[in-house]
Each structure stands twice: as structure tokens, then as C-alpha cells.
Amino acid sequence: MKQINEGYFDGERPLFKEHNAEIIDTTFGKGESPLKETHDLKLDGVVFTWKYPLWYSKHIEVNDTIFETMSRSGIWYTDDINIHDSDLQAPKLFRRCKGVTLKNVYFSDADETLWTCDDVDIKNVQARGDYFGMNSSNIRIDNLDLIGNYCFDGGKNIEVHNSRFVSKDAFWNCENVTIYDSKISGEYLAWNTKNLTLVNCTIESDQGLCYLDGIKLVNCKVLRTDLAFEYCKNIDAEITTNVMSVKNPISGRIHAHKIDEIIMDDPEIDPNATTIVQDVKE
């Protein structure tokens, strides 16, 4: 395998179609698309300073690498890429990629990142930015700490463990989402989603969990949440805490420690289609 060590490259497409190479302790300066149309590369200790570093690439291993602020829109149409122990400072870094592995990665500006990607593994990742993970599918997450609104909008087949989301409108318009041992804090959680399961989770959400089809909560805390389950059907909820209010659920079962207010004011909804059980009653 060819080795490029302690290099410096600038200008447009300096290593266009490079392949079967190790690139070590190298900086790519000002100039677009330095590694476009590449394959079978190992990057270690690399710094990207400018736009579009990895487009239309395949089989890329990235370690101890920095994507600086202007390396925006950096990884598009790229398949089989593994990034670990790296700092990613630029927005819009992944679009239409397949086979993405992120481990021990920090995103300081994750706005519009991981859009329309498939087969994504995320482990020990910190990210800050809005619209993270939009329209992506087949995602496996363990220990993601995300601060940013509208995360995973339109996502499909998502499994999450041991994570924390501070996010307004998280998991909207999704299908098949399962979240274990995690905390979600933010308004309007998971509207218009089909098949959402939360296990051993803590939720804080103004008007969270509405317009869902297939919502299951197992041993969950639902704190400071009002107007929950509005127009939800196929509910199976076991909640260990008080819920501020529940409004117009369509069907299913809700079991909570206590519900401060139950609002059934839509004449088109049959209140008998939803069983509501409280451990503590007035």
C-alpha cells in the first residue's frame, strides 16, 4: 500500500482518484475536493481545512483526524467509511452515504449532518446541531449525547441505547424507533411517528407523544409533560411517574402513577377505546 506521510496539499482535487494508500500526518489546505472519487484509503492524523474532502469515495478508514470549520459538506455519496477518535467541526458532513461508522467522535457543529444515509453505527459520540440524522435509515446508536432540534426527522429503523437528547421535535415522521435507557428533553416529541418504543427512558416534553400510531412505553418516567397522547392510537404505556395531562387518545392502554388531568373534548373520539389506569386517584 502506498504511503503519503507529512504531506501538504492545496488547490482543487490534489489527490483525485487516489486509492490503496495510507495518508499520515498530512494537511489538505485551501482547495475543494482533495480526495474525490477515491477508494481504499487509511487516513491517520489528517487535517482537512476546505470544502468537500470526501465525495464519491469507498472503503475509507479515518483515525485521529480533524475536519475544520470550512470542510463543510465534507462527506457525500461515500460508502463504507469508518471515522473514530476524530473531531468534526463542519456542518453538513454526511449526505447520501451508506455504511457509516462513527466511534469516539465529537461534532461541534452538526447542523444538517447525516442526511439520507443508510446503515449507520454511532458509538460514544457528542454532537451539537439542528436537523441531525434527517431521513436516514437502519441506524444503531450507543451513547450519543446530542443537543440540537429536529433530530432524526423522517428516520426509519432506529435503535438507541444509553443516550441523551436535548431536542425540540425529536423523532418526528419516523418509522420503527426503539430507545432504551435514555433521556429525551424537548417540546413536541415524536409527532407523526409509527411504531415507537421507549424502554427505561425519561421524557420531558411539552405536548410530547402526539399523533402516533403504535406507541409503547415500558417502565418510563414522563416528567413535566402535558397534553400527551393526543390523537394517538395503539397505545401501550406503562409510566412510573405523574403525567400532567393526557388529551384525546384514540385507542390503547395508559397506566401511570397519576394523571393530573384527563381531557376528552373531541366528540369524534370514543373514550371507551382507551383504558386509563392510575395508581393514585383523587
Side-chain angles (χ1 to χ4, degrees), residues 1-129 132-133 136 139 141-146 148:
M1 180 176 276
K2 177 182 177 181
Q3 189 173 100
I4 299 169
N5 197 355
E6 299 181 20
Y8 178 82
F9 298 91
D10 57 15
E12 189 168 349
R13 302 188 181 186
L15 295 180
F16 183 70
K17 287 200 170 183
E18 188 64 74
H19 60 279
N20 297 319
E22 289 184 274
I23 303 174
I24 303 167
D25 295 335
T26 290
T27 296
F28 292 93
K30 191 171 182 178
E32 296 180 1
S33 306
L35 293 174
K36 190 175 184 180
E37 291 278 4
T38 55
H39 66 87
D40 296 285
L41 298 182
K42 292 185 178 180
L43 312 181
D44 195 344
V46 170
V47 177
F48 293 105
T49 70
W50 208 246
K51 301 175 185 177
Y52 324 137
L54 286 158
W55 276 45
Y56 302 104
S57 297
K58 293 183 179 179
H59 316 310
I60 309 296
E61 184 84 16
V62 181
N63 176 59
D64 189 26
T65 286
I66 298 171
F67 291 76
E68 291 189 355
T69 302
M70 282 305 299
S71 65
R72 58 193 297 118
S73 307
I75 304 168
W76 289 26
Y77 309 103
T78 287
D79 295 341
D80 184 24
I81 181 166
N82 182 345
I83 299 181
H84 52 94
D85 300 291
S86 296
D87 294 314
L88 285 67
Q89 302 174 13
K92 305 182 182 181
L93 271 180
F94 295 89
R95 293 281 176 92
R96 299 188 181 277
C97 297
K98 185 173 183 179
V100 178
T101 299
L102 302 169
K103 184 177 180 181
N104 302 332
V105 167
Y106 173 62
F107 290 91
S108 62
D109 183 356
D111 278 359
E112 301 181 27
T113 288
L114 271 177
W115 278 21
T116 321
C117 295
D118 182 53
D119 187 17
V120 179
D121 276 296
I122 296 173
K123 186 171 184 179
N124 301 334
V125 168
Q126 292 180 303
R128 181 185 291 269
F132 186 88
S136 289
I139 304 169
I141 298 171
D142 187 5
N143 192 25
L144 170 62
D145 195 335
L146 174 65

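This is a predicted model, so every value here is computed, not measured.
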Colleague: Atom OG1 of Thr27 and atom CD1 of Ile66: how far apart are they, to the nearest 0.5 Å?
Modeller: 8.5 Å
Colleague: Kindly write out the residues that satisfy side chain to side chain contact (heavy atoms under 4.5 Å, CB included) with Glu6, not counting sequence neighbours, or none if the list is empty.
Modeller: Asp25
Colleague: Scan for side-chain hydrogen bond (donor to acceptor under 3.5 Å, both in side chains) pairs involving residues 28-54, sequence neighbours excluded, and state none if there are none.
Modeller: Thr38-Ser57, Asp44-Asn63
Colleague: So Gln89 and Met70, side chain to side chain contact (heavy atoms under 4.5 Å, CB included) or not? Walk me through it.
Modeller: CA-CA 8 Å; Gln89 302 174 13; Met70 282 305 299; over 6 Å; no
Colleague: Would you please name every residue forming a side chain to side chain contact (heavy atoms under 4.5 Å, CB included) with Asp80, sequence neighbours left out?
Modeller: His59
Colleague: Start with the C-alpha gap between Ile75 and Phe48, add the side-chain angles, then the distance that decides, and say whether side chain to side chain contact (heavy atoms under 4.5 Å, CB included) holds.
Modeller: CA-CA 11 Å; Ile75 304 168; Phe48 293 105; over 6 Å; no
Colleague: Apply side chain to side chain donor-acceptor pair (under 3.5 Å) to His19 and list each qualifying residue two or more places apart in sequence or on a separate chain.
Modeller: none
Colleague: Please check if the number of heavy atoms outside Arg128 that lie under 6.0 Å from its CZ is greater than 12.
Modeller: no
Colleague: Output a table of donor-acceptor pairs, distance under 3.5 Å, between side-chain atoms of residues 94-110 and any protein atom two or more places apart or on a different chain; print 'none' if there are none.
Modeller:
{"from": "Arg95", "atom 1": "NH2", "to": "Glu112", "atom 2": "OE1", "distance (Å)": "3.3"}
{"from": "Asn104", "atom 1": "OD1", "to": "Asn124", "atom 2": "ND2", "distance (Å)": "3.2"}
{"from": "Asn104", "atom 1": "ND2", "to": "Asp85", "atom 2": "OD1", "distance (Å)": "3.3"}
{"from": "Asp109", "atom 1": "OD1", "to": "Asp111", "atom 2": "N", "distance (Å)": "3.3"}

Colleague: Please identify each residue that fulfils side chain to side chain contact (heavy atoms under 4.5 Å, CB included) with Ser86, with sequence neighbours left out.
Modeller: Val62, Thr65, Ile83, Leu88
Colleague: Side chains of Ile23 and Leu35: closer than 4.5 Å at any heavy-atom pair?
Modeller: yes
Colleague: Heavy atoms only: give me the nearest Pro91-Thr113 pair and the separation to one decimal.
Modeller: C-OG1, 4.1 Å
Colleague: Hey, does Pro34 have a side-chain heavy atom less than 4.5 Å from the side chain of Phe9?
Modeller: no
